[in-house]
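One structure below.
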Amino acid sequence: MSCHAKTNVMFLKTHKTASSTILNILFRFTEKHNLTIALPADQLVHLGYPETFMTSFVEEFQTTGQNYNIMCNHLRFNHLEVQKVMAENTFYFSILRNPVSQLESSYVYYKDAAPAFRMSKDVNEYLTSPMDYYHKGNYKENIYAKNNMWFDFGYDNNAEDNESYIQVVLEEIEQNFHLVLIADYFDESTILLKHTLCWDLDDVIYFKLNSRSKDTVQTLTPESKERVKVWCSLDWKLYLHFNQSFWKRIQETMGLEELEKEVNHLRARQKELMETCLSDQKPVEKTLIKDKALMPFQSGAANILSYNLNQDLDNMSLRPCQKMVMPELQYMSYLYALQHPHKKGKQLGFPLFLNSFQENKSSPSRN
């Protein structure tokens, strides 16, 4: 049965859930098909996060019905406002991660940003008695420290864990989102996304972006792991619910046998592209990144990795390879310059990466 590729897509980009890699997939698709994308206004790098989303956070959005094809930057979900920006037939999806590893990742990444993390020595100390460090008065700064995924979906991350309330929220998310992926099964997620959107394999192929070096991962004690499930019980229940519906969806869409075949195909293609594109064939630490234009934003105690491209890439391979490794802020800024040429570019404090990405072509065309 043939299907048509979906080109109206809204991705709710949650935090520390491999969502930067999904963002790169969507940015590349936007450029490949010359689509419009709802980008952060002026000098914003997110769509107003952590404020609840409003249409004014989108660059040059004027009237309801003036729809964008793609929306995928960080925002705090607000269905009524997002609907004004996106077409009626938009496909909505998001991604969740096991809160145990998600919280540890947040702890390291947002160590300096969240007062609750800043005041504790390490993640295990924090989880031993979180209320010693987590004060509701610091609500906005501490969103990363408790039920952060619940917050991203637009709900109160300090709400009581009440069964009927959780049920209402889960049903509402089911209504608003066509698909929720699971970061812990990332390859399986990209294959399910490919099927659901009717895209090609190369549309969802990826190099892992915004990952950190292994030595910055803090090992949770077995007690800490259990404590996350209680401390972040809203996120835990959200994850359990959608992990279940994810596998149900896999069964309905293709079954496990077909899934395994396609995941192997994806990994083989990924390996092939790594051999073509990358000199080290794996991500490297920030001190080893040769092209500073490919330096990702560094945060907290997380040493965020990037890639070195092969030096002898021909023009045919150079552009696709560059796009696959381009960090989120640089790519967002690049698309902003393409889509809003009359506006002042994003001032990110990075090297002039646009130059290095455009020196191999005569004009910034959208191929």
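In what follows, residues are counted from 1 in the order of the sequence shown. Keep in mind that the numbers below use all heavy atoms, side chains included, and drop hydrogens, waters and symmetry copies.
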Check whether more than 12 heavy atoms from other residues, nucleotides or ligands sit under 6.0 Å from atom [atom1] of [X], and answer yes or no.
X: Glu160; atom1: CD; answer: no
X: Glu125; atom1: CD; answer: yes
X: Gln311; atom1: CD; answer: no
X: Lys248; atom1: NZ; answer: no
X: Glu163; atom1: CD; answer: no
X: His265; atom1: NE2; answer: no
X: Glu275; atom1: CD; answer: yes
X: Gln218; atom1: CD; answer: yes

Between [atom1] of [X] and [atom2] of [Y], what distance do you get to the nearest 0.5 Å?
X: His79; Y: Leu12; atom1: NE2; atom2: CG; result: 11.0 Å
X: Phe177; Y: Glu172; atom1: CZ; atom2: CD; result: 10.0 Å
X: Asn98; Y: Tyr239; atom1: CG; atom2: OH; result: 4.5 Å
X: Thr21; Y: Glu328; atom1: OG1; atom2: CD; result: 9.5 Å
X: Leu96; Y: Leu181; atom1: CG; atom2: CG; result: 9.0 Å
X: Ile25; Y: Lys194; atom1: CD1; atom2: NZ; result: 12.5 Å

Is there side-chain contact between [X] and [Y], with at least one heavy-atom pair below 4.5 Å?
X: Cys277; Y: Phe207; answer: yes
X: Val58; Y: Phe53; answer: yes
X: Phe27; Y: Lys323; answer: no
X: Tyr126; Y: Tyr134; answer: yes
X: Pro99; Y: Trp231; answer: no
X: Asn147; Y: Phe151; answer: no
X: Arg249; Y: Phe242; answer: no
X: Thr90; Y: Asn67; answer: no

Tell me whether the rings of [X] and [Y] are parallel (<30°), tilted (30 to 60°) or perpendicular (>60°).
X: His15; Y: His74; value: parallel
X: Trp150; Y: Tyr155; value: tilted
X: Tyr110; Y: Tyr144; value: parallel
X: Tyr49; Y: His46; value: perpendicular

Practice item. Report the C-alpha distance between Asn142 and Tyr133 in whole Å, list the side-chain angles of each, state the deciding distance to 0.1 Å, and finish with yes or no for side chain to side chain contact (heavy atoms under 4.5 Å, CB included). Key: CA-CA 10 Å; Asn142 269 336; Tyr133 309 104; over 6 Å; no
Review point. Which pair of non-hydrogen atoms, one from Phe117 and one from Lys111, has the smallest distance, and what is that distance?
Key: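 The answer is O-NZ, 2.9 Å.
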Quick one: does [X]'s side chain have a donor or acceptor within less than 3.5 Å of a partner on [Y]'s backbone?
X: Ser189; Y: Ile182; answer: yes
X: Asp156; Y: Asn158; answer: yes
X: Asn308; Y: Lys290; answer: yes
X: Gln347; Y: Gly345; answer: yes
X: Asn162; Y: Ser164; answer: yes
X: Tyr68; Y: Val85; answer: no
X: Ser105; Y: Ser101; answer: no
X: Ser306; Y: Met295; answer: no
X: Asp112; Y: Ser299; answer: no
X: Thr253; Y: Ile250; answer: no

Point to revise | Distance-only polar pair, side chains of Asn69 and Thr7, donor-acceptor under 3.5 Å | key: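 There is no such pair (donor and acceptor under 3.5 Å, judged by atom type) between the side chains of Asn69 and Thr7.
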Practice item. Decide whether Glu262 and His195 meet the rule of one side-chain donor and one side-chain acceptor closer than 3.5 Å. Key: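 Yes, because at least one side-chain N or O of Glu262 sits under 3.5 Å from a partner of the opposite role on His195.
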Practice item. Check the pair Phe11 / Phe93 against ring-ring contact (aromatic ring centres under 6.0 Å, His included), numbers first and verdict last. Key: CA-CA 5 Å; Phe11 171 57; Phe93 80 105; 4.7 Å; yes
Does a salt bridge link [X] with [Y], judged by any charged N lying under 4.0 Å from a carboxylate O?
X: Glu59; Y: Lys346; answer: no
X: Arg319; Y: Glu31; answer: yes
X: Glu257; Y: Lys261; answer: no
X: Glu60; Y: Lys343; answer: no
X: Lys13; Y: Asp152; answer: no

Point to revise | Audit row: Tyr307, Cys321, side chain to side chain contact (heavy atoms under 4.5 Å, CB included) steps and yes/no | key: CA-CA 10 Å; Tyr307 296 93; Cys321 289; over 6 Å; no
Check your understanding: Residues in salt bridge (Lys or Arg N to Asp or Glu O under 4.0 Å) with Asp132, at least two apart?
Key ->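 With sequence neighbours excluded, Asp132 shows a salt bridge (Lys or Arg N to Asp or Glu O under 4.0 Å) to no residue whatsoever.
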Point to revise | From Val228, Asn148, Asp184, residue fulfilling side chain to side chain contact (heavy atoms under 4.5 Å, CB included) relative to Gln102 | key: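 So, applying the side chain to side chain contact (heavy atoms under 4.5 Å, CB included) to Gln102 and each of Val228, Asn148, Asp184, only Asn148 qualifies.
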Validation: residues 197-206 side-chain donor-acceptor distances under 3.5 Å, sequence neighbours left out:
from   : atom 1 : to     : atom 2 : distance (Å)
Trp199 : NE1    : Lys6   : O      : 2.9
Asp202 : OD1    : Arg269 : NE     : 2.8
Asp202 : OD2    : Arg269 : NH2    : 2.9
Asp203 : OD1    : Lys32  : NZ     : 2.7
Asp203 : OD2    : Asp200 : N      : 2.9
Tyr206 : OH     : Asp187 : OD1    : 2.4

Point to revise | Chi angles and distances behind the side chain to side chain donor-acceptor pair (under 3.5 Å) call for Asp314, Ser317 | key: CA-CA 6 Å; Asp314 59 32; Ser317 308; 3.0 Å; yes
Exercise for review: Give the intermediate values and the outcome of side chain to side chain contact (heavy atoms under 4.5 Å, CB included) for residues Glu285 and Leu305.
Suggested key: CA-CA 5 Å; Glu285 298 216 1; Leu305 309 174; 4.0 Å; yes
Point to revise | Pairs flagged by salt bridge (Lys or Arg N to Asp or Glu O under 4.0 Å) wherever residues 206-217 is involved - sequence neighbours left out | key: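 Sorted result for residues 206-217: Glu104-Arg212.
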